[in-house]
Amino acid sequence: MKIHDTLTGADVNLDATGRIGVYICGLTVYDDAHVGHARASIVFDVMRRHLEQSGAAVTFVQNFTDVDDKILERAASTNVKAAALAEKYIARYGEDAEALNIRKPTHEPRATAHMPEIIEMIQRLIESDSAYVAENGVYFDVSSFTDYGKLSGKKTDELMAGARVKVDASKRSPLDFALWKLDDGELTWQSPWGQGRPGWHIECSAMSAKHFESEIDIHGGGRDLIFPHHENEIAQSESCHDHKLARVWMHVGMVTVDGQKMSKSLGNSKTVRTAISEWGANALRVFCLGARYAKPIDYSESAMSESVALWQQIETCYYELRRARVVPMHGTSRLYAKFTESLDDNCDTRGALDALLEMASRLNDAAATGGLSAAHGVACSAFATMLNVMGLRVRRTSGDNEDALDALADKRESLRAEKKYDEADAVRDKMKSIGADVLDHDGRTVWVIRER
RNA sequence: GGUGAGGUGGCAGAGCGGUUAUGCGUGGGCCUGCAAAGCCUAUCCAAGGGGGUUCGACUCCCUCCCUCACCUCCA
């Protein structure tokens with residue numbers, strides 16, 4: 001699999017048959033996840049599924065940052081304990097991820113559960129003169145790391161000139177960032193430098209080092225993490241270890257609304273929950289996978305209704321195959337090859353989606369004209385695999401209801417053959433009451449459970 | 001101001017130095033007892049502006065314009 005590396009700008013080949021370590025920067029948990037968070041999680045979920053489908057043993061780590069200024073602020077303003085607030089939103093993200101069929105990461109480390117590792121890493125940084133103790137806490141000395149800026153393409157003197165960096169009198173340089181903040185409030189720990197809590201960034205360096213002994217194969221997150229988060233992670237980690245932090249850096253483009261980045265501060269964010277209830281989880285996945293991951297995508301009514309239309313074609317195809325009792329069969333398929341080649345090519349989910357849609361369209365065509373048969377076994381098998389790799393999940397009803405619907409569909413077919421249309425219509429109404437849409441072609445009755 | 005990513009048909013969105021992307025939408029048709037779904041077919045042959053390289057550029061180079069992101073917390 002070929003992946004574009006943000007740091008070098010080059011395409012890096014990954015052996016998709018070996019072991020692959022992936023570290024994704026997850027959420028800071030002080031509010032519900034929005035569609036932008038969902039996109040990043042979905043893209044990396046598909047990448048993981050594809051790597052595993054290709055034979056790789058993937059260790060997939062996605063962290064939660066559960067100690068942070070925002071969490072403390074939100075907790076204070078809503079009169080709840082910060083730890084409880086973080087816990088609540090971790091749980092709610094878990095529900096969102098489940099609804100979106102995002103596979104559980106191998107590990108979901110939390111910053112608060114890694115205080116010894118964090119403190120130890122800070123200590124090492126101080127010992128190697130990469131960090132220093134100041135009045136308000138411990139800071140990373142950016143001037144000690146000559147490669148600083150290599151990921152984001154920023155030069156330290158330009159950053160200095162920018163003067164938008166917060167000035168803190170106890171820092172040697174405005175560019176230095178906090179590793180440990182002295183504090184005696186909630187969510188604080190004892191450290192050699194006094195009571196306090198970690199700064200943002202250090203938790204990811206400590207947690208990734210814990211889960212990966214050497215270089216991480218793929219380190220990812222949203223584009224907005226490139227600076228300062230990932231830049232600072234590199235500085236910290238590479239000052240501690242003699243290997244690079246990651247072989248490949250992968251950054252997912254922003255989700256915009258009316259061309260503007262979705263963000264909480266702008267007040268234009270759409271929560272995952274809202275999007276799912278308005279459009280359905282599969283349509284949201286289709287939307288998030290409908291462009292190459294590095295590009296921005298614009299969330300809008302029309303984009304989402306198009307995603308729903310695309311999803312419905314896939315949904316219909318699934319039920320056509322099911323009703324025709326096509327038995328999956330191994331074999332080679334041009335569209336399946338296009339699907340895997342697309343994903344191998346820098347995780348081109350759009351290309352993969354196109355292959356899946358073309359497959360659905362061909363099968364729907366066959367269903368509408370000659371009918372599906374055992375001859376479609378190979379396509380049926382490829383279709384199922386593609387659905388699975390894309391993480392799309394057709395809505396089902398209970399097994400009992402499926403049996404009942406099959407029986408009703410059979411009954412309706414014979415009533416129609418006998419031209420007993422009133423009775424056939426009654427059966428259709430019955431099927432609708434169970435939640436199934438009825439599609440007729442040429443004497444055959446197919447039912448579909450629609451997501452929406 | 002700096003850095004990065006882009007500007008493709010009504011919309012979304014690819015690839016490619018010379019052949020129709022594709023999908024959605026729209027028009028027409030087919031199937032059907034009805035409805036729904038589906039299918040077929042047509043439509044749209046577009047490439048921010050200006051230069052250049054070339055036999056030939058949407059595809060390469062230069063330049064200008066514009067959009068977005070990051071430079072402050074952010075997936």
Side-chain angles (χ1 to χ4, degrees), chain A residues 6 9 24-28 30-31 33-44 62 65 68-70 73 149 151-155 157-166 175 200 220-229 231 251-256 259-266 269 287-288 290-292 294-298 300 302-303 305-310 312-313 315-317 319-320 342 345 348 350-351 353-355 357-358 360-370 416 419-422 424-425 428-429 432 437-443 445-448 450:
Chain A
T6 314
I24 305 302
C25 287
L27 304 184
T28 298
Y30 67 97
D31 205 346
H34 63 225
V35 175
H37 300 114
R39 182 190 191 192
S41 293
I42 288 168
V43 164
F44 288 116
Q62 182 168 18
T65 296
D68 170 88
D69 292 351
K70 293 244 175 196
E73 279 165 29
L151 177 69
S152 56
K154 299 196 183 307
K155 302 202 168 38
D157 49 342
E158 283 166 4
L159 284 168
M160 294 288 269
R164 293 177 71 180
V165 184
K166 266 183 220 155
L175 299 186
W200 186 42
R223 287 205 87 77
D224 51 359
L225 293 183
I226 292 174
F227 190 92
H229 187 58
E231 195 69 62
H251 293 281
V252 177
M254 298 294 99
V255 177
T256 59
Q260 289 270 291
K261 177 183 166 184
M262 187 177 287
S263 83
K264 285 166 189 164
S265 48
L266 286 173
S269 60
F287 169 71
C288 289
R292 295 196 81 127
K295 286 195 144 195
I297 50 175
D298 197 55
S300 67
S302 65
S305 46
E306 183 171 336
S307 298
V308 170
L310 297 179
Q312 289 189 343
Q313 291 174 15
E315 210 169 39
T316 299
C317 183
Y319 279 100
E320 290 279 8
S342 294
D345 175 16
D348 177 8
R350 177 70 218 190
L353 183 64
D354 283 345
L357 288 167
E358 193 177 339
S361 166
R362 279 166 183 277
L363 290 169
N364 287 341
D365 177 18
T369 52
R416 290 178 71 221
K419 298 197 188 303
K420 293 180 180 169
Y421 295 123
D422 286 350
D425 287 352
R428 179 167 61 199
D429 291 344
K432 287 209 163 166
D437 274 3
V438 176
L439 329 178
D440 289 337
H441 0 249
D442 241 0
T445 294
V446 178
W447 55 266
V448 178
R450 293 276 179 218

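All figures in this text were calculated on a predicted structure; none of them were measured in a lab.
- When atom types are taken as modelled, the side chain of N364(A) and the backbone of Q313(A) share a donor-acceptor pair closer than 3.5 angstrom.
- Look at R428(A) and D425(A) and you find a salt bridge, because one of the NZ, NE, NH1 or NH2 atoms lies within 4.0 Å of a carboxylate O, short of that distance.
- Residue-level contact check: V438(A) touches the bases, meaning some heavy atom is under 4.0 Å from a base atom.
- Nucleic acid contact class of G220(A) (heavy atoms, under 4.0 Å, all strands): none.
- Rounded to the nearest Å, the gap between the C1' atom of U43(B) and that of C24(B) is 14 Å.
- Residue E158(A) places its side chain closer to G2(B) than to any other of G13(B), A75(B), G2(B).
- Residue-level contact check: Y421(A) touches the bases, meaning some heavy atom is under 4.0 Å from a base atom.
- Looking at R223(A), its side chain never comes within 3.5 Å of a backbone N or O of V252(A) through a donor-acceptor pair.
- Of the residues near RNA chain B, D354(A) and D298(A), the one whose nearest nucleotide (by heavy atom distance) lies more toward the 5' end is D298(A).
- Within 4.0 Å (heavy atoms only), G253(A) reaches at least one base atom of the nucleic acid.
- In this structure, U3(B) forms a base pair with A69(B), meeting either the Watson-Crick or the G-U wobble geometry with both donor-acceptor distances under 3.5 Å.
- In this structure, NZ of K154(A) is placed 14 Å from P of A69(B), rounded to the nearest angstrom.
- Within 4.0 Å of L225(A), counting heavy atoms only, lie sugar-phosphate atoms of the nucleic acid but no base atom.
- Toward the 5' end of RNA chain B, the nearer of the two residues R416(A) and D348(A), judged by each one's closest nucleotide, is D348(A).
- Atom name P, nucleotides C45(B) and G56(B): the rounded distance is 25 Å, in whole Å.
- Counting only distance, with no hydrogens or angles, the side chain of R292(A) and the backbone of G351(A) share no donor-acceptor pair below 3.5 Å.
- Distance noted for atom P between C44(B) and G27(B): 15 Å (whole Å).
- To the nearest angstrom, C1' of A14(B) lies 16 Å from CD1 of I297(A).
- Base pairing of A42(B) is made with U26(B), judged by Watson-Crick or G-U wobble geometry with both donor-acceptor distances under 3.5 Å.
- When the side-chain nitrogen and oxygen atoms of K295(A) are compared with OP1 and OP2 of A69(B), none of them lie within a distance under 4.0 Å.
- One N or O donor and one acceptor, one from the side chain of R428(A) and one from the base of A35(B), sit under 3.5 Å apart.
- No donor-acceptor distance shorter than 3.5 angstrom exists from the side chain of T445(A) to the backbone of D440(A), with no hydrogens or angles considered.
- The gap from the P atom of C16(B) to that of C60(B) amounts to 10 Å, rounded to the nearest Å.
- Comparing the C1' positions of G13(B) and G18(B) gives an interatomic distance of 24 Å, to the nearest angstrom.
- Between K261(A) atom NZ and U72(B) atom P the separation is 13 Å, expressed in whole Å.
- For E315(A) (side chain) and R450(A) (main-chain N/O), no donor-acceptor pair under 3.5 Å exists by modelled atom type.
- Contact annotation for G259(A): backbone-only contact, meaning every heavy-atom pair under 4.0 Å involves sugar-phosphate atoms and none involves a base.
- Between the P atoms of U19(B) and A46(B), the separation comes to 14 Å (whole Å).
- Between G38(B), G2(B), A75(B), one nucleotide has an atom nearer to the side chain of A40(A) than all others, and that is A75(B).
- Taking atom CG of D224(A) as the reference point, atom C1' of C68(B) lies 13 Å away to the nearest angstrom.
- Put simply, R292(A) has a side-chain N or O that comes within less than 4.0 Å of OP1 or OP2 on G15(B).
- Taking atom NE2 of H34(A) as the reference point, atom C1' of C73(B) lies 12 Å away to the nearest angstrom.
- In this structure, of C39(B), A37(B), G13(B), it is G13(B) that holds the atom nearest to the side chain of R350(A).
- With hydrogens and angles left out, the side chain of D425(A) and the base of G33(B) share a donor-acceptor pair within 3.5 Å.
- Base pairing of C16(B) is not made with any nucleotide, judged by Watson-Crick or G-U wobble geometry with both donor-acceptor distances under 3.5 Å.
- The distance from atom CD1 of I226(A) to atom P of C73(B) is 15 Å, rounded to the nearest whole Å.
- Side chain of S361(A) to backbone of L357(A): no donor-acceptor contact under 3.5 angstrom is found.
- Looking at E320(A), its side chain never comes within 3.5 Å of a backbone N or O of A367(A) through a donor-acceptor pair.
- Within 4.0 Å (heavy atoms only), T256(A) reaches no atom of the nucleic acid at all.
- Residue V446(A) is out of contact with every strand shown, counting any heavy-atom pair closer than 4.0 Å.
- For Q313(A) and G23(B), the shortest distance from a side-chain N or O to OP1 or OP2 is not below 4.0 Å.
- For L439(A), whose side chain is taken as the heavy atoms from C-beta onward, the closest listed nucleotide among G2(B), A37(B), C11(B) is A37(B).
- Of the possible donor and acceptor atoms, one in the side chain of D298(A) sits under 3.5 Å from a partner among the backbone N and O of G259(A).
- In this structure, I24(A) reaches neither bases nor backbone, as no heavy-atom distance under 4.0 Å exists between it and the strands shown.
- Per the geometry, NE2 belonging to H251(A) stands 11 Å off C1' belonging to C70(B), to the nearest Å.
- Side-chain atoms of D440(A) and base atoms of C34(B) include a donor and an acceptor less than 3.5 Å apart.
- For the C1' atom pair drawn from U32(B) and G38(B), the interatomic distance equals 11 Å after rounding to whole Å.
- As rounded to the nearest Å, G6(B) and G15(B) have P atoms that lie 10 Å from one another.
- Residue L310(A) is classed as a sugar-phosphate contact, given heavy-atom separations below 4.0 Å to backbone atoms only.
- L159(A) has its CG atom 14 Å from the P atom of G2(B), to the nearest Å.
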